Every structure is written in C-alpha cells, then in structure tokens.
**Student:** 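Take this structure first; my questions come after.
Keep in mind that what you see is a predicted model, and the values were worked out from it rather than measured.
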Amino acid sequence: MITAVLFDLDGTLLDHEGAARRAVVGMFPDADPARLAVRWAELTEEAVDRYLAGELSFTEQRRLRIVTLARELGLGAWDDARADAWLTGYVARYQAAWRPFPDAAPALDALAARGLRLGVITNGDAAQQRLKVERIGFAGRLPVVVASSEAGAAKPAAEIFLAACAAVGAEPHASAYVGDRLGTDARGAAAAGLTGVWLDRSGGPAPGALDVARITTLDALAPLLQG
C-alpha cells in the first residue's frame, strides 16, 4: 500500500524547459530561437551533469554554459564578470517564466485528498529548487524538498531516495516516485525499493521491455496508484 508519493521537480511539476527557452531567447533575440533553445538545453545538461558529479560548483557550471554559448555565437571569449552580468539577466527572465504544468496541481490535490504524504526529490541547488516550489505555489502541497546539494547524493543513487522516504516518514516499499527521466528517476527509484513511475510527456510509443510503470500525464497518477 502506497502511503507517500515523491516527485521530481524540473520537467515533472515545473516546466523548466519552457522557462529556460523563453529566458535564453529573450537574452539573444537576434539568434535563431529554435537552434538557440536546443543548444542551450544541451549545454545545460552537460554542465549540470558535471556539477552533480562534483566536477564544477553551481556557479561554475552556470558560467561554463554561457561562456561556451557566447563563443559558439561568435561573441568572443567572455570572462567571469561578463558571464555573471549576463547570468543576472538570464536568471531574472528564467525565474519570471517558472510555471507548473497544468496537470500538476490537480494531481497533487487528488493525492492529498487520499491522505498521502507528498514531497520532492530533486537534483540541484537546494535554495533554487525550494524557491521554484514556492514560486509556483506548491510549498503548502509539498512540505518536504530533498535536494542533492544537501543530501550528499544525486539521483539515481539510492541514498537520496532513502533520505526522502525518511523525511516524509514512509518506508521505501510504501513510497512511489514520479519523474520524467526513465533511468535517473523511475528506474533509480525502483532500484532503491520504491515504486518507480516514469512520466513520459512525449506521449510516444512505450519502449519495449519497460520495467516500471509509465504515464503520459499526471492525471493518470492517482488512478494508477489506487489500482
């Protein structure tokens, strides 16, 4: 019996990709928006992976992304001061664009109505991730936020999933975890003893030999867990 449901944040509850796209396009209005958004997403994933691996600090991974992008756009070599000035504008635009997915609040409310304990497990800087939860209006719904910067481990490591279960007061076997990344989120949670649920917002055909539950919208989560 499931007594707690934990969620990934970016890409699951919050439309990070949309916010990042609007922010970077706003900072480089003369660049091709489609190519710019794709390249920024690639640079972000690469830099964040290095941050989570302990190779870069949170500030360093941010600087690396824009310094690399500026060079590729033919804007020359940027020093830390110029990178930081650009980042100030970018972050302001990014934060202003934070929005929850339309299916997030109804799903959380449906689970809370059944008395389930709710929380977040997220890879990233704890202060920024908690600010996201607050800004999109979910702080009351999600009182527990476990971030990799504080947990000492990042998904898919079992330690962060187990720490979150302890924080919400539920055993792993009685907890479900929902995220948009199959390996990092759903399979990582399952390996730690939780019920892993993959939120595949692409809506495409399911891959073969899928070993975790798959949903394409959070509207399907409550019925899945009830069944």
**Student:** Are any of the side-chain heavy atoms of P33 and V25 separated by less than 4.5 Å?
**Tutor:**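 Touching, per the 4.5 Å side-chain cut-off.
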**Student:** Contact between L221 and V5 at the side-chain level, heavy atoms closer than 4.5 Å - yes or no?
**Tutor:**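 L221 reaches V5 side chain to side chain.
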**Student:** Check A37 against V24 and note the closest heavy-atom contact, atom names and distance.
**Tutor:**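 Where A37 meets V24 most closely, the heavy atoms are CA-CG1, 4.5 Å.
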**Student:** Would you call D8-K155 a salt bridge at under 4.0 Å N-O?
**Tutor:**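 A salt bridge links D8 with K155.
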**Student:** Check each of T216, V212, I215 against W198 using the side chain to side chain contact (heavy atoms under 4.5 Å, CB included) test, and report the only one that passes.
**Tutor:**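 Single side chain to side chain contact (heavy atoms under 4.5 Å, CB included) partner of W198 among T216, V212, I215: V212.
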**Student:** Ion pair present between R65 and E72, side-chain N to carboxylate O less than 4.0 angstrom?
**Tutor:**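 E72 and R65: not salt-bridged.
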**Student:** Salt-bridge test for D109 and R141: reply yes if a basic N is under 4.0 Å from a carboxylate O, no otherwise.
**Tutor:**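 Salt bridge present between D109 and R141.
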**Student:** Minimum heavy-atom separation for V67 to A83, with atom names?
**Tutor:**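 Heavy-atom minimum between the residues: CG2-CB, 4.1 Å.
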**Student:** Might you work through the side-chain contact (heavy atoms from CB on, under 4.5 Å) test for L225 and L111, ending with a clear yes or no?
**Tutor:** CA-CA 9 Å; L225 296 181; L111 296 171; 4.2 Å; yes
**Student:** Check whether L116 and V168 end up in the same hydrophobic cluster, where Ile, Leu, Val, Met, Phe, Trp and Tyr are linked by side-chain heavy atoms less than 4.5 Å apart.
**Tutor:**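 No; tracing contacts between hydrophobic side chains, which count when under 4.5 Å, never links both residues.
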**Student:** Quick one: are F58 and S149 in side-chain contact, heavy atoms under 4.5 Å?
**Tutor:**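 No. Closest side-chain heavy atoms not under 4.5 Å.
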**Student:** Nearest 0.5 Å, what's the NE2-CG distance between H173 and L194?
**Tutor:**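 Result: 10.0 Å between the selected atoms.
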**Student:** Counting neighbours of CD on Q128 that are heavy atoms of other residues, nucleotides or ligands and sit closer than 6.0 Å, is the number greater than 12?
**Tutor:**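 Buried by this count: over 12 neighbours within 6.0 Å.
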**Student:** Mind checking the CG-CG spacing from L13 to L108? Nearest 0.5 Å is all I need.
**Tutor:**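 The CG atom of L108 is 5.5 Å from CG of L13, to the nearest 0.5 Å.
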**Student:** Passes side-chain contact (heavy atoms from CB on, under 4.5 Å), K132 versus T122? Steps please.
**Tutor:** CA-CA 11 Å; K132 288 177 181 177; T122 176; over 6 Å; no
**Student:** Decide yes or no for W86 and V91: does some side-chain heavy atom of the first lie under 4.5 Å from some side-chain heavy atom of the second?
**Tutor:**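 No - every pair of side-chain heavy atoms lies 4.5 Å or more apart.
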**Student:** Decide yes or no on side-chain hydrogen bond (donor to acceptor under 3.5 Å, both in side chains) for Q129 and N123, but give the supporting numbers first.
**Tutor:** CA-CA 9 Å; Q129 300 302 82; N123 283 350; over 6 Å; no
**Student:** Spell out, as yes or no, whether a donor-acceptor pair under 3.5 Å connects the side chain of E60 to the backbone of S57.
**Tutor:**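 Looks like yes, one N/O pair under 3.5 Å.
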**Student:** Is the shortest side-chain heavy-atom distance between R187 and L210 below 4.5 Å?
**Tutor:**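 In short, these two side chains touch, coming nearer than 4.5 Å.
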**Student:** Do R99 and L14 have side-chain heavy atoms sitting under 4.5 Å apart?
**Tutor:**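 No. Closest side-chain heavy atoms not under 4.5 Å.
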**Student:** According to a 4.5 Å side-chain heavy-atom criterion applied to Ile, Leu, Val, Met, Phe, Trp and Tyr, with indirect links allowed, do V146 and L162 form part of one hydrophobic cluster?
**Tutor:**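 Hydrophobic grouping puts V146 apart from L162.
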**Student:** Taking side chain as C-beta onward, heavy atoms only, is S175 less than 4.5 Å from I2?
**Tutor:**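 No. Closest side-chain heavy atoms not under 4.5 Å.
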**Student:** Quick one, D15 and E17 - any side-chain contact, counting heavy atoms below 4.5 Å?
**Tutor:**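 They are in contact (side-chain heavy atoms under 4.5 Å apart), so the answer is yes.
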**Student:** Evaluate side-chain contact (heavy atoms from CB on, under 4.5 Å) for D49 paired with E46, printing each intermediate quantity in order.
**Tutor:** CA-CA 5 Å; D49 283 348; E46 292 167 6; 5.9 Å; no
**Student:** Can you measure from CG (L87) to CZ (R63) and round to the nearest 0.5 angstrom?
**Tutor:**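 If we round to the nearest 0.5 Å, L87:CG and R63:CZ are 8.5 Å apart.
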**Student:** At their closest point, which heavy atom of L56 faces which heavy atom of A47, and how far apart are they?
**Tutor:**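 Shortest heavy-atom separation between L56 and A47 comes out as CD1-O, 4.2 Å.
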**Student:** With rounding to the nearest 0.5 Å, note down the distance linking OG1 in T44 to CD in Q61.
**Tutor:**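 It is 7.5 Å, given to the nearest 0.5 Å.
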**Student:** Taking all non-hydrogen atoms of both residues, which atom of A153 and which atom of E159 are closest, and how far apart?
**Tutor:**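 Smallest interatomic distance, heavy atoms only, reads CB-CB, 3.9 Å.
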**Student:** Determine whether the aromatic ring centres of Y90 and W40 lie less than 6.0 Å apart.
**Tutor:**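 Under 6.0 Å, so yes.
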**Student:** I want to know whether Y177 and F161 have ring centres closer than 6.0 Å.
**Tutor:**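 Close enough - the centres of the two rings lie under 6.0 Å apart.
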**Student:** Answer with yes or no whether the hydrophobic clustering places F101 together with F138; edges join I, L, V, M, F, W, Y residues whose side-chain heavy atoms lie under 4.5 Å apart.
**Tutor:**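 Different clusters: F101 never reaches F138 through Ile, Leu, Val, Met, Phe, Trp or Tyr contacts under 4.5 Å.
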**Student:** What's the shortest heavy-atom distance between G196 and A189, and which atoms?
**Tutor:**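 That would be CA-CB, 4.2 Å.
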**Student:** If I take atom CZ from residue R62 and atom CG from residue L43, how far apart are they, to the nearest 0.5 angstrom?
**Tutor:**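 R62 CZ to L43 CG: 15.0 Å, rounded to 0.5 Å.
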**Student:** Apply the test side-chain hydrogen bond (donor to acceptor under 3.5 Å, both in side chains) to residues D103 and T217: give CA-CA distance (whole Å), side-chain angles for both, the deciding distance (0.1 Å), then the verdict.
**Tutor:** CA-CA 7 Å; D103 57 0; T217 170; 3.1 Å; yes
**Student:** Does D180 form a side-chain hydrogen bond (donor to acceptor under 3.5 Å, both in side chains) with T12? I'd like the steps, not just the answer.
**Tutor:** CA-CA 6 Å; D180 66 304; T12 298; 3.3 Å; yes
**Student:** Quick check: is L218 connected to L118 through a chain of hydrophobic side chains (ILVMFWY, heavy atoms under 4.5 Å apart)?
**Tutor:**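 Same cluster: L118 reaches L218 through Ile, Leu, Val, Met, Phe, Trp or Tyr contacts under 4.5 Å.
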**Student:** Can you spot which of L6, V120, I121 makes a side chain to side chain contact (heavy atoms under 4.5 Å, CB included) with V145?
**Tutor:**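 It is V120, the one option of L6, V120, I121 that forms the side chain to side chain contact (heavy atoms under 4.5 Å, CB included) with V145.
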**Student:** Of all heavy-atom pairs between A154 and L52, which one has the smallest distance, and what is that distance?
**Tutor:**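 Nearest pair, atom of A154 first, then L52: CB-CD2, 4.1 Å.
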**Student:** Between E45 and R50, does any NZ, NE, NH1 or NH2 come within less than 4.0 Å of an OD or OE carboxylate oxygen?
**Tutor:**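 E45 and R50: not salt-bridged.
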**Student:** Would you check if the side chain of S148 reaches a backbone N or O of G124 as a donor-acceptor pair within less than 3.5 Å?
**Tutor:**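 Answer holds: yes.
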**Student:** Give the intermediate values and the outcome of side-chain contact (heavy atoms from CB on, under 4.5 Å) for residues V178 and D185.
**Tutor:** CA-CA 7 Å; V178 187; D185 291 324; over 6 Å; no
**Student:** Looking at CZ of R39 and OG1 of T68, how far apart are the two atoms once the value is rounded to the nearest 0.5 Å?
**Tutor:**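 Reported value, rounded in 0.5 Å steps: 7.5 Å.
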**Student:** Same cluster for V197 and L142 if Ile/Leu/Val/Met/Phe/Trp/Tyr side chains link at under 4.5 Å?
**Tutor:**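 Shared cluster, yes.
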**Student:** Measure the acute angle between the ring planes of W98 and Y94, then classify it against the limits of 30° and 60° as parallel, tilted or perpendicular.
**Tutor:**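 Taking Y94 first and then W98, their aromatic rings stand perpendicular (interplane angle over 60°).
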